[in-house]
Amino acid sequence: MSDSYRTIDPQALPKHFDAENVEQALTARWEAAGLYHYDPSRPRDETFIVDTPPPTVSGNLHIGHVFSYTHTDVVVRYKRMRGLNIFYPMGWDDNGLPTERRVQNHYHVRCDPSLPYEEGVELEKASSKVKKKPPRMLSRPNFIEACETLTKEDEKAYLALWQRLGLSVDWRQEYSTVGGHCRKVAQLSFLDLMAKGHLYSSDAPTLWDVDFQTAVAQAELEDRDLASTFNDIAFKVEGSDEEFIIATTRPELLPACVAVTAHPDDERYKHLFGKRAVTPLFNVPVRIFPSDVVDMEKGTGILMICTFGDQTDVQWWRDETLPLRQVIGRRGRLLQIEYGTEGWESLDAEAANRNYAEVAGKRPEQARKRILEMLGEAPEGGQAPLRAQKPINHAVKFFEKGDRPLEFIPTRQWFCRLMDKKSDLLARGEQVQWHPAFMRDRFSLWTENLQFDWCISRQRYFGVPFPMWYRLDEQGQPDYADPLLAAPEQLPVDPTTGVPAGFEEAQRGQPGGFVAESDVFDTWFTSSMTPEISSHWGIDDERHGRLFPADMRPQAHEIIRTWAFYTIAKAMLHEGQVPWHNVVISGWVVQGKDKISKSKGGAKGLTPHELMDKFTADGVRYWSANARLGVDTAFDENMFKTGKRLVTKLYNASKFALMQEAPKGPITRELDKGFLAALQRVVDEATKSFEAFEFSPALKATETFFWSSFTDSYLELAKVRARSEDDPEGRASAVAALRLGLEVLLRLFAPVLPYITETVWGWAFAEERDAPSIHAADWPSAALFEGIAGPQRAGSFDAATACLGAINRSKTAANVGVARGITSMQLAAPQALLDDLAPVRDDVWAAAKVGQFEIVVDEALSGFEVRAIEFEPKPEKKK
RNA sequence: GGGCGCAUAGCUCAGCUGGUUAGAGCGCCACCUUCACACGGUGGAAGUCGCAGGUUCGAGUCCUGCUGCGCCCACCA
């Protein structure tokens, strides 16, 4: 150990911090050193496990990504400095509709699961000329290959962004949700849930998207307000001339009407219960029954039940065992129907068929128009059934990615039972710590209001297939009650190409043979397994035991009902545990009133790379880390600017601090100890915040101290002594404190600003502390201040700061020429502090030549008072 | 209709368990090319803390009720 410090020559360093090159060089160095590698040999209690959200790779990169991923990285870097063994993986979510659509478009292909797999298919980006021809049809395995090929490109772009942003991910722990590993875990999950009896299939009315041609789950719904019309339509009572008026927004469902209902207490309609009504146009007699679900105030108080207009219709249909008259088909068009046949009885089948022919094959909105026209025509000597129309606005259910309203259509679907597990799920929500805490309410509310079991099957081609087949009986009809499940060793399997045990390929589709379940899982079925995907659940028990449950799940608040909810559900059903201990919720990036997201086309203006070019990666991270958890943040270039300014200041202040030369010596002076004591307060505060996952107050505290206490005050107060020739002991104390202060500040900033802090660390401290990277160094602890300071000493530093402030004010006053006649400064303080301040005072004094004030510091050095600053008042501003 | 959150300087926000004249950054004004930093420094102006009550010696902070904005959810006839 040498007896002088390793100093730097500022002339030898670039005038400005060359962020772009530094970012590249350090990223490469960190990767080469394996700095972020998880060490499987260390025990669980020394490990910090992150359940990283896998980004959807088909979206364009935008600042919203940068924002939330930085939050996680900041926490991770803090935990790493606390000495924890970090497990920080990265996944790519390339399983789902966005990828499917992109692949279809990019290569101009479509998937047909009935096709056999072709070896060695080479695809090219389709030209617009090619796109005029019919698309090429691919087997499902080929289609998945195409997805994997295309998403590889996107993943490269993400990787480059993440690395430049400085995410300290262990890149060896990478997965893709459409890859073999994830397919296997998802299929294992299915087999386990089957074995535990949580799954069932049923042929029942299900929310159906007519464009995507698939069922959707409750979690994928969104309400949209649409303009609509309440149509008052007259129904006749069977066998009489009496009529009543129902109100409906969906007159096109008139042929699907199966009953009429009103409130049991409704005097207007009481006498009708038990009788039958006759529908106009189709003359179908339907039951009239009472139901207390009916709102007497709404519409006319009496309404028609159709199969199916909404969820209430489904409920009545079930409870009252009403007939099924499905008129809307899977493609969203009115089906062909023959009145007079079974189930389609009519008092005048001929007229009914004539009327129905007008709307068969039409879309609902066209059919509605036509039906209303017909209802508006008065029969001979009578009144038209359409009596009145009233415009309204009402909420209509849509698939969140869809363009047309959802329909209820009876189809066979697979469900995971959750309705009977609400209280267990709520209890799990209580076992998880939510940050911020109020986000738990979102989870609880959703769980309490859950209405359907989880529909896990989708009639899509691309996705993780059900590992399952059905036996075909002698007539070639599938036996849904007793499916053939894949064996675990077979996974991942695509049942459209794989064969169940005990069968041969030749028996596919043959009577007495088998047929594949062609559905795929809801993408959340796979995404809800991210902790288990990382831990290799069901595949490597030893690893799973080490990595499950995780410590931290970072995520956005709008997917609490999906991602967080399903992940909690899966962990409960599979392992009887919570999937992680902490959920850390980031807010959104907003621009004006709009959330910045892929659906909105990203931020106006600069891309993440352009922002980093302009403000440095550290500057961009600074902006992210400034946001409080769960709170939306404005996209504001000023904040990036402030971040870059901080980086620049750190660069320059560090140069200055590390160019001061002195022999090594103890920190003995009051001012130096006071400064370090004040810094220790900041360390305590930052640590406390970080422990609660609140990085932003930690950054704020550090930043404030850095600017106002370190650069503005302490550097000014210590620099005269640090260069003094005639006070060797005071000089050694100042330089030692300067360096220690800088070192501690670098460590405090390291989680947020990895590049600039590592750069400065390398100038001196890497060698001095025998720690090549600051990111593997310890978070500052009390040990660093051992024997030097104590928080109670900070008063002397506060006093000195006030003194400097007074001097500065007097300088400014002198410059503007209003402080005449002020010629001396009194500082009443313990001698120890006065000694330290004397050189500052004399130095500044000589320059300023003005000022008269008194600073009184109490003997305990815990407080101070500034007295008698006498300046002439500033002259009134001329207006 | 239910739940949650927000409302503090022109803008973006911080103000923990209630305690003396309410803070920061940006912007604005004045001054300063001085040793690492003009990608800088120093100083300054600027707020009836959404509104109305209440609790308290004392309220930006706690309670009640309003108003506005945002988000999540809802059974949509």
Side-chain angles (χ1 to χ4, degrees), chain A residues 8 10-11 13 15-17 221-226 228 230 246-250 253 261 293-295 298-306 309-316 392 394-397 405-406 436 438-446 448-449 451 557-558 560-561 587-588 590 593 595 615-616 619 626-628 630-639 641-660 685 688-689 696-697 700-701 703-704 707-708 711-712 715-716 719-720 723 805 807-817 847 874 877:
Chain A
I8 54 143
Q11 302 303 316
L13 290 167
K15 169 95 171 140
H16 298 304
F17 179 52
L221 305 184
E222 75 182 27
D223 285 354
R224 294 184 200 161
D225 269 327
L226 289 190
S228 182
F230 247 141
I246 61 108
T248 180
T249 56
R250 299 203 60 184
L253 290 178
T261 186
V293 180
V294 177
D295 179 354
K298 202 158 182 173
T300 55
I302 189 163
L303 61 111
M304 67 168 181
I305 298 169
C306 307
D310 61 32
Q311 177 60 23
T312 327
D313 283 349
V314 175
Q315 192 188 318
W316 278 312
I392 56 158
H394 67 162
V396 178
K397 280 196 196 317
L406 292 166
F438 66 79
M439 287 294 179
R440 177 185 283 122
D441 296 340
R442 297 259 179 113
F443 174 83
S444 302
L445 196 70
W446 173 258
E448 282 161 14
N449 292 331
Q451 292 183 71
H557 48 79
E558 82 278 18
I560 289 175
R561 67 170 178 168
W588 291 338
V590 291
K593 275 188 175 180
K595 173 195 173 194
F615 300 109
T616 80
N626 240 303
R628 249 163 66 245
V631 175
D632 296 348
T633 288
F635 179 82
D636 179 2
E637 282 211 11
N638 274 329
M639 286 300 285
K641 215 161 100 185
T642 307
K644 186 179 182 188
R645 216 165 67 91
L646 174 62
V647 171
T648 303
K649 193 69 175 177
L650 259 167
Y651 185 72
N652 290 317
S654 300
K655 271 201 268 189
F656 182 64
L658 293 177
M659 67 189 271
Q660 308 304 327
E685 195 182 334
K688 206 172 130 197
S689 295
S696 112
K700 265 279 183 327
E703 186 194 3
T704 303
W707 279 109
S708 83
T711 67
D712 294 355
L715 285 182
E716 298 297 330
K719 70 183 180 189
V720 180
R723 289 183 297 212
I807 291 169
N808 281 328
R809 272 189 296 277
S810 71
K811 280 167 75 176
T812 301
N815 286 329
V816 298
K874 270 185 140 182
K877 262 189 189 171

### Summary
Between CD of A:E448 and P of B:C72 the distance, given in whole Å, is 19 Å
#### Entry: Nucleotide B:G40, atom C1' - distance to NZ of A:K649 in whole Å
6 Å
## Note on the structure
Between CG of A:N626 and P of B:C13 the distance, given in whole Å, is 11 Å
#### Entry: Euclidean distance, A:H394 NE2 relative to A:T249 OG1, rounded to 0.5 Å
4.5 Å
### Query
So which nucleotide from B:G41, B:A77, B:C73 ends up closest to the side chain of A:K298?
B:A77
### Worked verdict on A:F615 versus A:V647 for side chain to side chain contact (heavy atoms under 4.5 Å, CB included)
CA-CA 9 Å; A:F615 300 109; A:V647 171; over 6 Å; no
### Task
Give a yes/no answer on whether the side chain of A:R561 brings an N or O atom under 4.0 Å of OP1 or OP2 in B:C73.
yes
### Query
With sequence neighbours left out, what residues match A:K397 under salt bridge (Lys or Arg N to Asp or Glu O under 4.0 Å)?
A:D223
### Task
Represent RNA chain B in dot-bracket notation, 5' to 3'. Only Watson-Crick or G-U wobble pairs with both distances under 3.5 Å count; pseudoknot-style crossings use [ ] and interstrand partners use |.
(((((((..((((.....[...)))).(((((.......))))).....(((((..]....))))))))))))....
## Note on the structure
Of A:T261 and A:P697, the one whose nearest nucleotide on RNA chain B sits closer to the 5' end is A:P697
### Query
Picking from B:C35, B:C75, B:C76, which would you name as closest to the side chain of A:V293?
B:C75
### Task
Quick one: list whatever passes side chain to side chain donor-acceptor pair (under 3.5 Å) with A:R250, sequence neighbours left out.
A:E252, A:E407
### Message
Please report the distance separating the C1' of B:U8 from the corresponding atom of B:G40, rounded so that it comes out in whole Å.
### Response
31 Å
### Message
What contact category does A:T248 fall into here, base, sugar-phosphate, or nothing, at under 4.0 angstrom with non-hydrogen atoms?
### Response
sugar-phosphate
### Message
Run the side chain to side chain donor-acceptor pair (under 3.5 Å) test against A:D310 and tell me which residues pass, sequence neighbours left out.
### Response
A:T312
#### Entry: Position toward the 5' end of RNA chain B (nearest nucleotide), A:W316 or A:A653
A:A653
#### Entry: Distance (rounded to the nearest 0.5 Å) between A:L303 CG and A:W316 CH2
4.5 Å
### Task
Mind checking salt bridge (Lys or Arg N to Asp or Glu O under 4.0 Å) for A:R561 and listing every partner two or more places apart, or none if nothing turns up?
A:E400
## Note on the structure
Winner on side-chain proximity to A:V396, out of B:C75, B:C76, B:C39, is B:C76
### Query
Can you tell me how far C1' of B:C37 sits from CD of A:Q11, to the nearest Å?
13 Å
### Query
Quick one: is B:A74 close enough that its OP1 or OP2 comes under 4.0 Å of any side-chain N or O from A:K397?
no
#### Entry: Gap in Å between the two P atoms, one belonging to B:C76 and one to B:C16, rounded
41 Å
### OP1 or OP2 of B:C75 under 4.0 Å from side-chain N/O of A:Q451
yes
### Message
I'd like the C1' distance from B:C28 over to B:C4, given in whole Å.
### Response
38 Å
### Message
Please enumerate all residues that pass side-chain contact (heavy atoms from CB on, under 4.5 Å) together with A:S696, with sequence neighbours excluded.
### Response
A:R628
#### Entry: Partners meeting salt bridge (Lys or Arg N to Asp or Glu O under 4.0 Å) with A:E685 (sequence neighbours left out)
none
### side-chain contact (heavy atoms from CB on, under 4.5 Å) against A:H16, all qualifying residues, sequence neighbours excluded
none
### Message
Any side-chain N or O of A:H394 below 4.0 angstrom from OP1/OP2 of B:A77?
### Response
yes
### Query
For the pair made of NZ in A:K655 and P in B:C35, what is the distance, rounded to whole Å?
13 Å
### Query
Across the strands shown, which category fits A:D295 at heavy-atom distances under 4.0 angstrom: base, sugar-phosphate, nothing?
base
### Query
Which nucleotide in the set B:A38, B:A77, B:C73 lies at the smallest distance from any side-chain heavy atom of A:N449?
B:C73
### Task
Calculate the interatomic distance between A:W707 atom CH2 and B:G41 atom C1'; express it in whole Å.
10 Å
### Message
Distance check, C1' atoms only: B:G18 and B:C35, in whole angstrom units.
### Response
48 Å
### Query
Base, sugar-phosphate, or nothing for A:V294, non-hydrogen atoms under 4.0 angstrom?
base
### Query
Nearest to the side chain of A:D712, which nucleotide is it out of B:U42, B:C71, B:A77?
B:U42
### Query
What interatomic distance, in whole Å, is found between P of B:G1 and the corresponding atom of B:C11?
31 Å
### Query
Roughly how far apart, to the nearest Å, are B:A45 and B:C31 at atom C1'?
15 Å
### Message
Measuring from the side chain of A:T312 (C-beta onward, heavy atoms only), which nucleotide among B:G41, B:A36, B:C75 has the closest atom?
### Response
B:C75
### Query
Just how far, in rounded Å, is P of B:A77 from CG of A:D310?
7 Å
### Message
To check you understand the geometry: which heavy-atom pair defines the closest contact between A:T633 and A:A627, and what is its length?
### Response
OG1-CB, 3.0 Å
Pairs under 3.5 Å (N/O, protein and nucleotides 2-6 of chain B):
none

### Task
Find the distance between CD1 (A:I560) and NE2 (A:H557) and round it off to the nearest 0.5 Å.
8.0 Å
### Task
Using a heavy-atom cut-off of under 4.0 Å over every strand shown, decide if A:F230 touches base, sugar-phosphate, or nothing.
sugar-phosphate
#### Entry: Sugar-phosphate only, base, or nothing, as touched by A:H16 at under 4.0 Å among non-hydrogen atoms
base
### Message
Side-chain N or O of A:K15 versus OP1/OP2 of B:A36: is the shortest distance under 4.0 Å?
### Response
no
### Task
Give the B/S/- string for nucleotides 22-27 of chain B, one per nucleotide from 5' to 3', where a protein heavy atom under 4.0 Å of the base yields B, of only the sugar-phosphate yields S, and otherwise -.
---SSS
#### Entry: Partner set under salt bridge (Lys or Arg N to Asp or Glu O under 4.0 Å) for A:R723, not counting sequence neighbours
none
### Query
With A:F656, which residues qualify under ring pair (Phe, Tyr, Trp, His ring centres under 6.0 Å), at least two apart?
none
### Nearest-angstrom distance, P atom, B:G53 to B:G60
14 Å
### Task
Tell me what A:A634 touches on the nucleic acid: a base, only sugar-phosphate, or nothing, going by heavy atoms under 4.0 Å.
sugar-phosphate
### Task
Sticking with atom C1', work out how far B:U42 lies from B:C51, rounded to a whole angstrom.
41 Å
### Atom pair CD (A:E637) and NZ (A:K644), whose distance is rounded to the nearest 0.5 Å
12.0 Å
### Task
Take atom CD of A:E716 and atom P of B:U42, then tell me their distance rounded to the nearest Å.
8 Å
